[in-house]
Amino acid sequence: MLEITYLRENATAAVAGLKKRGLDADQNVKDILKLDELRRQNQNELDQALAESNRISKEIGMLFKEGKREEADAAKARTAELKTRIKELQQEQEQLKHSLEQDLVALPNVPLESVPAGNSEADNEEIKRVGDIKSLPENAKPHWELAEEHKLIRFDLGVKITGAGFPVYQGKGARLQRALINFFLEENIKAGFEEYQPPLMVNEDSGFGTGQLPDKEGQMYHMPEDNLYAIPTAEVPITNIFRDEILANEDLPIKATAYSACFRREAGSYGKDVRGLNRLHQFDKVEVVCLTKPEESMAMLDSMVDHIAGLLEKLELPYRVLRLCGGDLGFTSAITYDFEVWSAAQERWLEVSSVSNFQTFQTNRMKIRYRGEDKKTHLLHSLNGSALALPRIVAALLENHQTDAGIMIPEALRSYTGFEKI
RNA sequence: GGAGAGAUGGCAGAGUGGUCGAAUGCGGUGGUCUUGAAAACCAUUGAGGGUCACACCUCCGGGGGUUCGAAUCCCUCUCUCUCCGCCA
(Lines give C-alpha, C1' and ligand atoms only; values in the text may rest on other atoms or scores of the structure.)
Protein backbone atom coordinates (compact mmCIF):
# COMPACT_ATOMS: atom_id res chain seq x y z
CA MET A 1 0.00 0.00 0.00
CA LEU A 2 1.42 3.34 -1.08
CA GLU A 3 1.84 6.03 1.54
CA ILE A 4 -0.76 8.74 1.36
CA THR A 5 1.86 11.35 2.22
CA TYR A 6 3.87 10.19 -0.79
CA LEU A 7 0.87 10.54 -3.09
CA ARG A 8 0.04 13.99 -1.78
CA GLU A 9 3.45 15.26 -2.74
CA ASN A 10 4.26 13.14 -5.80
CA ALA A 11 0.98 12.56 -7.57
CA THR A 12 2.28 13.27 -11.08
CA ALA A 13 5.42 11.20 -10.59
CA ALA A 14 3.31 8.32 -9.28
CA VAL A 15 0.96 8.41 -12.25
CA ALA A 16 3.91 8.57 -14.64
CA GLY A 17 5.59 5.65 -12.90
CA LEU A 18 2.46 3.53 -12.94
CA LYS A 19 2.18 4.08 -16.67
CA LYS A 20 5.18 1.79 -17.03
CA ARG A 21 2.95 -0.98 -15.78
CA GLY A 22 0.52 -0.13 -18.54
CA LEU A 23 -1.77 1.37 -15.95
CA ASP A 24 -3.46 4.71 -16.33
CA ALA A 25 -3.92 5.67 -12.70
CA ASP A 26 -4.59 9.35 -13.23
CA GLN A 27 -8.22 9.16 -12.15
CA ASN A 28 -7.49 6.74 -9.30
CA VAL A 29 -4.90 9.05 -7.84
CA LYS A 30 -7.20 12.04 -8.20
CA ASP A 31 -9.96 10.12 -6.44
CA ILE A 32 -7.62 9.18 -3.64
CA LEU A 33 -6.43 12.71 -3.11
CA LYS A 34 -10.02 13.94 -3.13
CA LEU A 35 -11.03 11.35 -0.54
CA ASP A 36 -8.00 12.25 1.54
CA GLU A 37 -9.01 15.88 1.41
CA LEU A 38 -12.59 15.10 2.40
CA ARG A 39 -11.43 12.82 5.16
CA ARG A 40 -9.27 15.48 6.71
CA GLN A 41 -12.03 18.07 6.49
CA ASN A 42 -14.42 15.67 8.13
CA GLN A 43 -11.93 14.86 10.85
CA ASN A 44 -11.38 18.50 11.56
CA GLU A 45 -15.07 19.01 12.11
CA LEU A 46 -15.35 15.84 14.15
CA ASP A 47 -12.41 16.81 16.34
CA GLN A 48 -13.97 20.14 17.11
CA ALA A 49 -17.27 18.54 18.03
CA LEU A 50 -15.50 16.06 20.27
CA ALA A 51 -13.49 18.83 21.89
CA GLU A 52 -16.71 20.70 22.64
CA SER A 53 -18.31 17.57 24.05
CA ASN A 54 -15.27 16.87 26.21
CA ARG A 55 -15.35 20.40 27.53
CA ILE A 56 -18.99 20.19 28.54
CA SER A 57 -18.51 16.83 30.19
CA LYS A 58 -15.72 18.19 32.32
CA GLU A 59 -17.88 21.15 33.21
CA ILE A 60 -20.69 18.84 34.32
CA GLY A 61 -18.28 16.93 36.47
CA MET A 62 -17.20 20.12 38.19
CA LEU A 63 -20.77 21.29 38.68
CA PHE A 64 -21.78 18.04 40.31
CA LYS A 65 -18.79 18.25 42.61
CA GLU A 66 -19.85 21.72 43.63
CA GLY A 67 -23.40 20.49 44.21
CA LYS A 68 -24.90 22.63 41.46
CA ARG A 69 -27.39 20.05 40.28
CA GLU A 70 -29.58 22.27 38.22
CA GLU A 71 -26.80 23.85 36.23
CA ALA A 72 -25.41 20.42 35.56
CA ASP A 73 -28.72 19.17 34.22
CA ALA A 74 -28.96 22.21 32.00
CA ALA A 75 -25.51 21.45 30.59
CA LYS A 76 -26.56 17.86 29.94
CA ALA A 77 -29.38 19.04 27.75
CA ARG A 78 -26.89 20.90 25.59
CA THR A 79 -25.04 17.71 24.72
CA ALA A 80 -27.94 15.90 23.08
CA GLU A 81 -27.66 17.67 19.74
CA LEU A 82 -23.90 17.50 19.83
CA LYS A 83 -24.04 13.76 20.32
CA THR A 84 -26.11 13.07 17.25
CA ARG A 85 -23.82 15.33 15.23
CA ILE A 86 -20.79 13.44 16.48
CA LYS A 87 -22.35 10.15 15.57
CA GLU A 88 -23.02 11.36 12.04
CA LEU A 89 -19.52 12.67 11.61
CA GLN A 90 -18.04 9.48 12.95
CA GLN A 91 -20.01 7.39 10.50
CA GLU A 92 -18.88 9.63 7.69
CA GLN A 93 -15.29 9.34 8.90
CA GLU A 94 -15.53 5.56 8.89
CA GLN A 95 -16.87 5.53 5.36
CA LEU A 96 -14.25 7.93 4.07
CA LYS A 97 -11.48 5.99 5.73
CA HIS A 98 -12.80 2.74 4.31
CA SER A 99 -13.09 4.09 0.75
CA LEU A 100 -9.66 5.65 0.96
CA GLU A 101 -8.14 2.44 2.22
CA GLN A 102 -9.86 0.42 -0.50
CA ASP A 103 -8.61 2.72 -3.23
CA LEU A 104 -5.11 2.79 -1.83
CA VAL A 105 -4.90 -0.96 -1.46
CA ALA A 106 -5.98 -1.41 -5.07
CA LEU A 107 -3.05 0.62 -6.38
CA PRO A 108 0.18 -1.28 -7.15
CA ASN A 109 3.63 -0.07 -6.22
CA VAL A 110 5.26 2.61 -8.37
CA PRO A 111 8.14 1.22 -10.45
CA LEU A 112 11.51 2.87 -9.93
CA GLU A 113 13.18 5.03 -12.52
CA SER A 114 15.42 2.22 -13.79
CA VAL A 115 12.49 -0.12 -14.45
CA PRO A 116 11.75 -0.34 -18.18
CA ALA A 117 8.23 0.23 -19.41
CA GLY A 118 6.50 -2.71 -21.01
CA ASN A 119 3.69 -5.15 -20.69
CA SER A 120 5.14 -8.60 -21.27
CA GLU A 121 8.15 -10.81 -20.73
CA ALA A 122 9.49 -9.57 -24.04
CA ASP A 123 10.14 -6.16 -22.52
CA ASN A 124 12.23 -7.46 -19.65
CA GLU A 125 15.77 -6.29 -19.77
CA GLU A 126 18.54 -8.86 -19.66
CA ILE A 127 21.34 -7.34 -17.65
CA LYS A 128 23.65 -10.28 -17.18
CA ARG A 129 24.29 -13.73 -18.58
CA VAL A 130 26.72 -16.14 -16.98
CA GLY A 131 27.91 -19.64 -17.87
CA ASP A 132 28.02 -21.57 -21.08
CA ILE A 133 25.01 -23.29 -22.46
CA LYS A 134 26.45 -26.74 -22.91
CA SER A 135 25.48 -28.99 -25.71
CA LEU A 136 24.08 -32.09 -24.11
CA PRO A 137 24.53 -35.68 -25.23
CA GLU A 138 22.33 -36.89 -28.07
CA ASN A 139 19.99 -38.74 -25.77
CA ALA A 140 19.55 -35.93 -23.22
CA LYS A 141 16.34 -36.15 -21.25
CA PRO A 142 14.08 -33.72 -19.44
CA HIS A 143 14.22 -33.91 -15.66
CA TRP A 144 10.96 -35.80 -15.24
CA GLU A 145 12.36 -38.67 -17.25
CA LEU A 146 15.65 -38.57 -15.37
CA ALA A 147 13.83 -38.46 -12.06
CA GLU A 148 11.79 -41.49 -12.98
CA GLU A 149 14.70 -43.43 -14.42
CA HIS A 150 16.83 -42.96 -11.29
CA LYS A 151 13.90 -43.22 -8.88
CA LEU A 152 14.58 -39.78 -7.46
CA ILE A 153 11.12 -38.31 -7.51
CA ARG A 154 7.95 -40.34 -7.49
CA PHE A 155 5.12 -38.33 -8.92
CA ASP A 156 2.92 -41.43 -8.98
CA LEU A 157 3.29 -42.02 -5.25
CA GLY A 158 2.50 -38.38 -4.52
CA VAL A 159 -0.70 -38.71 -6.51
CA LYS A 160 -1.60 -41.83 -4.60
CA ILE A 161 -1.16 -40.45 -1.12
CA THR A 162 -2.07 -36.80 -1.69
CA GLY A 163 -2.64 -35.66 -5.25
CA ALA A 164 -0.94 -34.16 -8.27
CA GLY A 165 1.69 -31.58 -7.44
CA PHE A 166 2.78 -33.29 -4.22
CA PRO A 167 5.79 -35.37 -5.24
CA VAL A 168 7.53 -37.96 -3.09
CA TYR A 169 11.33 -37.71 -3.11
CA GLN A 170 13.14 -40.97 -2.74
CA GLY A 171 16.69 -42.20 -2.18
CA LYS A 172 19.23 -39.88 -3.74
CA GLY A 173 16.39 -37.60 -4.74
CA ALA A 174 15.47 -37.07 -1.09
CA ARG A 175 19.11 -36.67 -0.09
CA LEU A 176 19.62 -34.10 -2.83
CA GLN A 177 16.72 -32.07 -1.44
CA ARG A 178 18.18 -32.14 2.05
CA ALA A 179 21.64 -31.26 0.71
CA LEU A 180 20.37 -28.27 -1.23
CA ILE A 181 18.42 -26.92 1.73
CA ASN A 182 21.51 -27.14 3.93
CA PHE A 183 23.78 -25.74 1.24
CA PHE A 184 21.56 -22.69 0.72
CA LEU A 185 21.10 -22.07 4.43
CA GLU A 186 24.80 -22.35 5.18
CA GLU A 187 25.73 -20.05 2.31
CA ASN A 188 23.15 -17.52 3.46
CA ILE A 189 24.40 -17.65 7.03
CA LYS A 190 27.95 -17.10 5.75
CA ALA A 191 26.65 -14.01 3.94
CA GLY A 192 25.35 -12.60 7.22
CA PHE A 193 21.74 -13.78 7.25
CA GLU A 194 20.25 -15.07 10.48
CA GLU A 195 18.40 -18.35 10.24
CA TYR A 196 14.80 -18.68 11.39
CA GLN A 197 12.42 -21.62 11.50
CA PRO A 198 8.95 -20.18 11.19
CA PRO A 199 5.56 -21.82 11.51
CA LEU A 200 4.19 -23.25 8.27
CA MET A 201 0.73 -21.95 9.03
CA VAL A 202 -0.21 -18.36 9.66
CA ASN A 203 -3.26 -16.50 10.91
CA GLU A 204 -5.38 -14.02 8.98
CA ASP A 205 -3.51 -10.96 10.21
CA SER A 206 -0.26 -12.28 8.78
CA GLY A 207 -1.92 -13.02 5.46
CA PHE A 208 -3.07 -9.42 5.30
CA GLY A 209 0.29 -8.13 6.39
CA THR A 210 2.20 -9.42 3.40
CA GLY A 211 -0.70 -8.89 1.03
CA GLN A 212 -1.77 -12.46 0.25
CA LEU A 213 -5.14 -11.55 1.70
CA PRO A 214 -7.60 -10.52 0.60
CA ASP A 215 -6.81 -10.63 -3.13
CA LYS A 216 -4.84 -13.87 -3.44
CA GLU A 217 -7.04 -15.77 -1.05
CA GLY A 218 -7.70 -18.54 -3.55
CA GLN A 219 -3.99 -19.24 -3.92
CA MET A 220 -3.51 -20.33 -0.34
CA TYR A 221 -4.57 -23.52 1.39
CA HIS A 222 -6.97 -22.64 4.15
CA MET A 223 -7.87 -24.61 7.25
CA PRO A 224 -11.32 -23.30 8.16
CA GLU A 225 -11.58 -25.16 11.49
CA ASP A 226 -8.85 -22.99 12.93
CA ASN A 227 -8.82 -20.24 10.31
CA LEU A 228 -5.17 -20.79 9.47
CA TYR A 229 -3.45 -20.57 6.11
CA ALA A 230 -0.61 -22.78 4.85
CA ILE A 231 2.22 -20.44 3.88
CA PRO A 232 2.93 -19.94 0.16
CA THR A 233 6.44 -18.75 1.05
CA ALA A 234 8.51 -18.18 4.18
CA GLU A 235 8.33 -14.49 3.34
CA VAL A 236 4.92 -14.43 5.02
CA PRO A 237 5.84 -15.60 8.53
CA ILE A 238 9.32 -14.04 8.46
CA THR A 239 8.20 -10.56 7.44
CA ASN A 240 5.28 -10.71 9.86
CA ILE A 241 7.68 -11.30 12.74
CA PHE A 242 8.38 -7.59 12.49
CA ARG A 243 4.80 -6.44 12.01
CA ASP A 244 3.86 -3.49 14.23
CA GLU A 245 7.39 -3.14 15.54
CA ILE A 246 9.62 -0.13 15.87
CA LEU A 247 13.06 -1.63 15.35
CA ALA A 248 16.09 -0.41 17.23
CA ASN A 249 18.82 1.15 15.12
CA GLU A 250 21.42 -1.33 16.32
CA ASP A 251 19.30 -4.22 15.01
CA LEU A 252 19.32 -2.85 11.47
CA PRO A 253 19.57 -3.96 8.83
CA ILE A 254 17.58 -7.13 9.40
CA LYS A 255 18.88 -9.97 7.27
CA ALA A 256 16.85 -13.12 7.78
CA THR A 257 16.84 -16.47 6.04
CA ALA A 258 14.53 -19.42 6.45
CA TYR A 259 13.86 -22.75 4.89
CA SER A 260 10.25 -23.76 4.60
CA ALA A 261 7.96 -25.97 2.66
CA CYS A 262 5.70 -23.77 0.54
CA PHE A 263 2.11 -24.52 -0.35
CA ARG A 264 0.31 -23.10 -3.36
CA ARG A 265 -3.03 -24.07 -4.77
CA GLU A 266 -2.06 -22.74 -8.19
CA ALA A 267 -5.73 -22.66 -9.03
CA GLY A 268 -6.30 -22.24 -12.73
CA SER A 269 -2.71 -22.73 -13.80
CA TYR A 270 -2.99 -26.22 -15.24
CA GLY A 271 -1.89 -26.80 -18.77
CA LYS A 272 1.43 -26.34 -20.45
CA ASP A 273 4.66 -25.80 -18.56
CA VAL A 274 3.45 -27.52 -15.44
CA ARG A 275 5.10 -30.81 -16.15
CA GLY A 276 7.45 -32.44 -13.65
CA LEU A 277 8.93 -30.01 -11.17
CA ASN A 278 8.02 -26.87 -13.04
CA ARG A 279 4.96 -26.11 -10.94
CA LEU A 280 3.99 -27.86 -7.70
CA HIS A 281 1.49 -27.50 -4.88
CA GLN A 282 4.14 -28.22 -2.27
CA PHE A 283 7.78 -27.38 -2.71
CA ASP A 284 10.83 -26.42 -0.71
CA LYS A 285 12.41 -23.03 -0.68
CA VAL A 286 15.03 -21.10 1.23
CA GLU A 287 14.07 -17.45 1.44
CA VAL A 288 15.92 -14.29 2.38
CA VAL A 289 14.14 -11.26 3.81
CA CYS A 290 15.73 -7.89 4.57
CA LEU A 291 14.61 -4.73 6.29
CA THR A 292 16.72 -1.63 5.83
CA LYS A 293 16.61 2.09 6.22
CA PRO A 294 15.35 3.73 3.03
CA GLU A 295 18.73 5.07 1.98
CA GLU A 296 20.29 1.62 2.22
CA SER A 297 17.77 -0.51 0.37
CA MET A 298 19.19 -0.23 -3.13
CA ALA A 299 22.66 -1.26 -1.95
CA MET A 300 21.04 -4.16 -0.13
CA LEU A 301 19.21 -5.20 -3.29
CA ASP A 302 22.49 -5.23 -5.19
CA SER A 303 24.18 -7.31 -2.53
CA MET A 304 21.30 -9.80 -2.57
CA VAL A 305 21.56 -10.09 -6.35
CA ASP A 306 25.31 -10.71 -6.08
CA HIS A 307 24.81 -13.29 -3.38
CA ILE A 308 22.23 -15.24 -5.35
CA ALA A 309 24.39 -15.11 -8.46
CA GLY A 310 27.16 -16.65 -6.36
CA LEU A 311 24.89 -19.54 -5.38
CA LEU A 312 24.08 -20.35 -8.99
CA GLU A 313 27.74 -20.16 -9.94
CA LYS A 314 28.64 -22.63 -7.19
CA LEU A 315 26.02 -24.96 -8.59
CA GLU A 316 27.63 -24.52 -12.02
CA LEU A 317 24.37 -23.56 -13.66
CA PRO A 318 24.14 -21.20 -16.62
CA TYR A 319 21.85 -18.32 -15.74
CA ARG A 320 20.76 -14.88 -16.69
CA VAL A 321 19.46 -11.94 -14.71
CA LEU A 322 16.51 -9.90 -15.91
CA ARG A 323 15.30 -6.54 -14.77
CA LEU A 324 11.55 -6.93 -15.01
CA CYS A 325 9.60 -4.41 -16.98
CA GLY A 326 6.70 -2.54 -15.43
CA GLY A 327 4.08 -4.88 -16.77
CA ASP A 328 5.82 -7.98 -15.46
CA LEU A 329 6.47 -6.51 -12.04
CA GLY A 330 4.66 -7.98 -9.06
CA PHE A 331 1.93 -5.85 -7.52
CA THR A 332 3.94 -4.95 -4.43
CA SER A 333 7.36 -4.48 -6.00
CA ALA A 334 9.14 -1.29 -6.99
CA ILE A 335 11.91 -3.17 -8.76
CA THR A 336 12.53 -6.86 -9.33
CA TYR A 337 15.39 -8.90 -10.68
CA ASP A 338 14.54 -12.38 -11.90
CA PHE A 339 17.10 -15.14 -12.06
CA GLU A 340 16.53 -17.73 -14.75
CA VAL A 341 18.42 -20.95 -15.21
CA TRP A 342 18.72 -22.57 -18.59
CA SER A 343 16.96 -25.87 -18.74
CA ALA A 344 18.98 -27.66 -21.34
CA ALA A 345 16.66 -30.51 -22.11
CA GLN A 346 13.49 -28.44 -22.08
CA GLU A 347 15.33 -25.72 -23.97
CA ARG A 348 13.80 -22.93 -22.00
CA TRP A 349 14.67 -20.58 -19.17
CA LEU A 350 13.27 -21.44 -15.75
CA GLU A 351 12.70 -18.78 -13.14
CA VAL A 352 14.49 -19.81 -9.96
CA SER A 353 14.59 -16.61 -7.98
CA SER A 354 12.92 -13.26 -7.86
CA VAL A 355 14.58 -10.53 -5.83
CA SER A 356 12.61 -7.41 -5.08
CA ASN A 357 12.73 -4.12 -3.29
CA PHE A 358 9.27 -3.24 -2.02
CA GLN A 359 10.41 -0.02 -0.41
CA THR A 360 7.63 1.04 1.98
CA PHE A 361 4.83 -0.72 0.12
CA GLN A 362 4.74 -3.71 2.52
CA THR A 363 5.98 -1.96 5.63
CA ASN A 364 3.31 0.71 5.34
CA ARG A 365 0.62 -1.90 5.71
CA MET A 366 2.53 -3.76 8.40
CA LYS A 367 3.78 -0.66 10.21
CA ILE A 368 7.38 -1.82 10.39
CA ARG A 369 9.31 1.24 11.51
CA TYR A 370 12.53 2.57 12.95
CA ARG A 371 13.45 5.71 14.78
CA GLY A 372 15.36 8.22 12.69
CA GLU A 373 17.94 10.81 13.65
CA ASP A 374 15.02 13.19 14.09
CA LYS A 375 13.66 10.88 16.84
CA LYS A 376 10.53 10.31 14.80
CA THR A 377 9.37 6.97 13.48
CA HIS A 378 9.77 6.18 9.79
CA LEU A 379 8.87 3.21 7.66
CA LEU A 380 11.63 0.78 6.78
CA HIS A 381 12.18 -0.68 3.33
CA SER A 382 11.56 -4.38 2.88
CA LEU A 383 13.22 -6.68 0.37
CA ASN A 384 13.11 -10.36 -0.29
CA GLY A 385 14.21 -13.06 -2.62
CA SER A 386 14.49 -16.78 -2.98
CA ALA A 387 17.89 -18.19 -2.20
CA LEU A 388 16.77 -20.49 -3.65
CA ALA A 389 13.64 -22.43 -4.64
CA LEU A 390 14.43 -26.11 -4.95
CA PRO A 391 12.28 -27.70 -7.63
CA ARG A 392 13.51 -25.80 -10.65
CA ILE A 393 17.07 -25.89 -9.34
CA VAL A 394 16.76 -29.66 -9.12
CA ALA A 395 15.32 -29.74 -12.62
CA ALA A 396 18.21 -27.67 -13.93
CA LEU A 397 20.82 -29.66 -12.01
CA LEU A 398 19.54 -32.96 -13.36
CA GLU A 399 19.23 -31.75 -16.92
CA ASN A 400 22.39 -29.68 -17.22
CA HIS A 401 24.69 -32.06 -15.44
CA GLN A 402 23.64 -35.25 -17.18
CA THR A 403 26.50 -37.03 -18.91
CA ASP A 404 26.97 -40.44 -20.40
CA ALA A 405 28.51 -41.44 -17.08
CA GLY A 406 25.55 -40.24 -15.03
CA ILE A 407 24.31 -37.03 -13.44
CA MET A 408 27.26 -35.21 -11.87
CA ILE A 409 26.81 -33.37 -8.57
CA PRO A 410 28.57 -29.97 -8.54
CA GLU A 411 31.71 -29.84 -6.44
CA ALA A 412 30.29 -27.34 -3.94
CA LEU A 413 27.36 -29.59 -3.15
CA ARG A 414 29.20 -32.89 -2.64
CA SER A 415 29.99 -32.44 1.05
CA TYR A 416 26.26 -31.97 1.56
CA THR A 417 25.00 -34.85 -0.59
CA GLY A 418 27.63 -37.39 0.36
CA PHE A 419 27.68 -38.67 -3.23
CA GLU A 420 29.24 -37.38 -6.45
CA LYS A 421 26.90 -38.63 -9.08
CA ILE A 422 23.55 -40.18 -9.67
C1' G B 1 -12.08 -32.26 25.10
C1' G B 2 -13.27 -30.37 30.64
C1' A B 3 -12.41 -26.44 34.48
C1' G B 4 -10.49 -21.76 35.84
C1' A B 5 -7.69 -17.06 35.32
C1' G B 6 -6.32 -13.11 32.45
C1' A B 7 -5.39 -9.23 28.18
C1' U B 8 -3.13 -1.70 30.45
C1' G B 9 2.89 2.09 27.60
C1' G B 10 9.71 -1.35 25.35
C1' C B 11 9.05 -4.81 29.86
C1' A B 12 6.91 -5.64 34.79
C1' G B 13 2.72 -3.83 37.15
C1' A B 14 -1.12 -0.28 39.73
C1' G B 15 -5.60 1.80 38.51
C1' U B 16 -13.29 -0.43 39.54
C1' G B 17 -17.31 6.10 36.54
C1' G B 18 -14.87 12.66 36.02
C1' U B 19 -9.00 16.18 37.69
C1' C B 20 -6.29 9.14 33.82
C1' G B 21 -2.76 8.95 28.17
C1' A B 22 -2.69 6.46 32.79
C1' A B 23 0.97 5.67 39.52
C1' U B 24 5.41 2.99 40.55
C1' G B 25 9.65 0.03 39.23
C1' C B 26 12.95 -1.62 35.34
C1' G B 27 14.79 -0.27 30.66
C1' G B 28 16.06 3.93 27.00
C1' U B 29 17.94 9.00 26.23
C1' G B 30 20.37 13.59 28.11
C1' G B 31 22.99 15.65 32.24
C1' U B 32 25.74 16.12 37.24
C1' C B 33 29.71 13.55 39.65
C1' U B 34 34.32 10.55 37.85
C1' U B 35 40.90 10.04 34.70
C1' G B 36 37.17 6.49 32.59
C1' A B 37 33.31 3.25 34.00
C1' A B 38 29.87 1.58 37.69
C1' A B 39 26.86 3.41 41.56
C1' A B 40 24.13 7.61 43.12
C1' C B 41 21.38 11.92 41.90
C1' C B 42 18.54 15.26 38.40
C1' A B 43 15.75 15.68 33.96
C1' U B 44 13.37 13.35 30.03
C1' U B 45 10.99 9.14 27.62
C1' G B 46 4.08 5.54 24.20
C1' A B 47 1.70 5.50 19.23
C1' G B 48 -1.39 7.62 15.41
C1' G B 49 -4.16 11.73 13.16
C1' G B 50 -4.10 17.01 12.58
C1' U B 51 -1.30 21.90 12.16
C1' C B 52 3.71 26.13 9.04
C1' A B 53 3.89 25.57 14.28
C1' C B 54 0.53 25.35 18.33
C1' A B 55 -4.32 24.09 19.63
C1' C B 56 -7.11 19.96 19.29
C1' C B 57 -8.63 14.69 18.48
C1' U B 58 -8.07 9.19 18.84
C1' C B 59 -5.97 4.78 21.07
C1' C B 60 -5.80 0.72 27.96
C1' G B 61 -6.93 -7.04 23.07
C1' G B 62 -11.27 -6.37 18.74
C1' G B 63 -16.48 -4.96 18.05
C1' G B 64 -21.10 -3.15 20.16
C1' G B 65 -23.91 -0.90 24.31
C1' U B 66 -25.13 2.14 29.02
C1' U B 67 -23.80 7.40 30.54
C1' C B 68 -23.30 14.39 30.07
C1' G B 69 -18.64 11.47 30.90
C1' A B 70 -15.78 4.55 30.37
C1' A B 71 -9.16 1.63 31.13
C1' U B 72 -13.10 1.27 34.96
C1' C B 73 -20.15 -0.97 34.19
C1' C B 74 -22.94 -4.46 30.53
C1' C B 75 -22.97 -7.71 25.98
C1' U B 76 -20.07 -10.21 22.40
C1' C B 77 -15.79 -12.01 19.80
C1' U B 78 -10.63 -13.18 19.67
C1' C B 79 -6.27 -14.45 21.92
C1' U B 80 -2.98 -15.95 26.02
C1' C B 81 -1.92 -18.55 30.50
C1' U B 82 -2.79 -22.44 34.49
C1' C B 83 -4.77 -27.25 36.00
C1' C B 84 -7.03 -32.02 34.37
C1' G B 85 -7.53 -35.49 30.14
C1' C B 86 -5.26 -37.17 25.53
C1' C B 87 -0.70 -37.20 22.90
C1' A B 88 4.45 -36.27 19.39
Mind checking [X] for me? I need base, sugar-phosphate or nothing, with any heavy atom below 4.0 Å counting as a touch.
X     : result
A/I60 : base
A/A51 : sugar-phosphate
A/N54 : sugar-phosphate
A/S53 : nothing
A/R40 : sugar-phosphate
A/R55 : nothing
A/R8  : sugar-phosphate

Could you state the atom-to-atom distance from [atom1] of [X] to [atom2] of [N] in whole Å?
X      : N      : atom1 : atom2 : value
A/D244 : B/rG61 : CG    : C1'   : 12 Å
A/K83  : B/rU66 : NZ    : P     : 7 Å
A/M62  : B/rC68 : CE    : P     : 20 Å
A/E94  : B/rG64 : CD    : P     : 8 Å
A/D205 : B/rU78 : CG    : P     : 14 Å
A/L50  : B/rA70 : CG    : C1'   : 15 Å

**OP:** For the side chain of A/R369, starting at C-beta, report the closest nucleotide among B/rC68, B/rA47, B/rC57.
**Re:** B/rA47

Original post:
Considering only B/rC68, B/rG46, B/rC57, which nucleotide approaches the side chain of A/D47 most closely?
Top reply: B/rC57

**OP:** Verify whether one side chain among A/R243 and A/N240 offers a donor that lies under 3.5 Å from an acceptor in the other.
**Re:** yes

**OP:** Return yes if a side-chain donor-acceptor contact under 3.5 Å exists between A/Y259 and A/D284, otherwise no.
**Re:** yes

Original post:
Toward the 5' end of RNA chain B, which comes first, A/K87 or A/A75, by nearest nucleotide?
Top reply: A/K87

**OP:** May I ask you to establish whether A/K172 and A/F419 are in a cation-pi arrangement, using a distance under 6.0 Å from NZ or CZ to the six-membered ring centre and at most 45° from the ring axis?
**Re:** yes

Only pairs under 3.5 Å count here: list side-chain donor-acceptor contacts from residues 108-115 of chain A, not counting sequence neighbours, and write none if there are none.
unit_1 : atom_1 : unit_2 : atom_2 : d
A/N109 : ND2    : A/T332 : O      : 2.9
A/N109 : ND2    : A/F358 : O      : 3.2

With a 4.0 Å cut-off, would you call [X] and [Y] a salt bridge?
X      : Y      : value
A/E101 : A/K97  : no
A/K314 : A/E187 : yes
A/E411 : A/R414 : yes

Subject >> Helical stems, RNA chain B - three or more consecutive Watson-Crick or G-U wobble pairs below 3.5 Å >> reply: B:1-7 with B:78-84, B:10-12 with B:24-26, B:27-32 with B:40-45, B:46-49 with B:56-59, B:61-65 with B:73-77

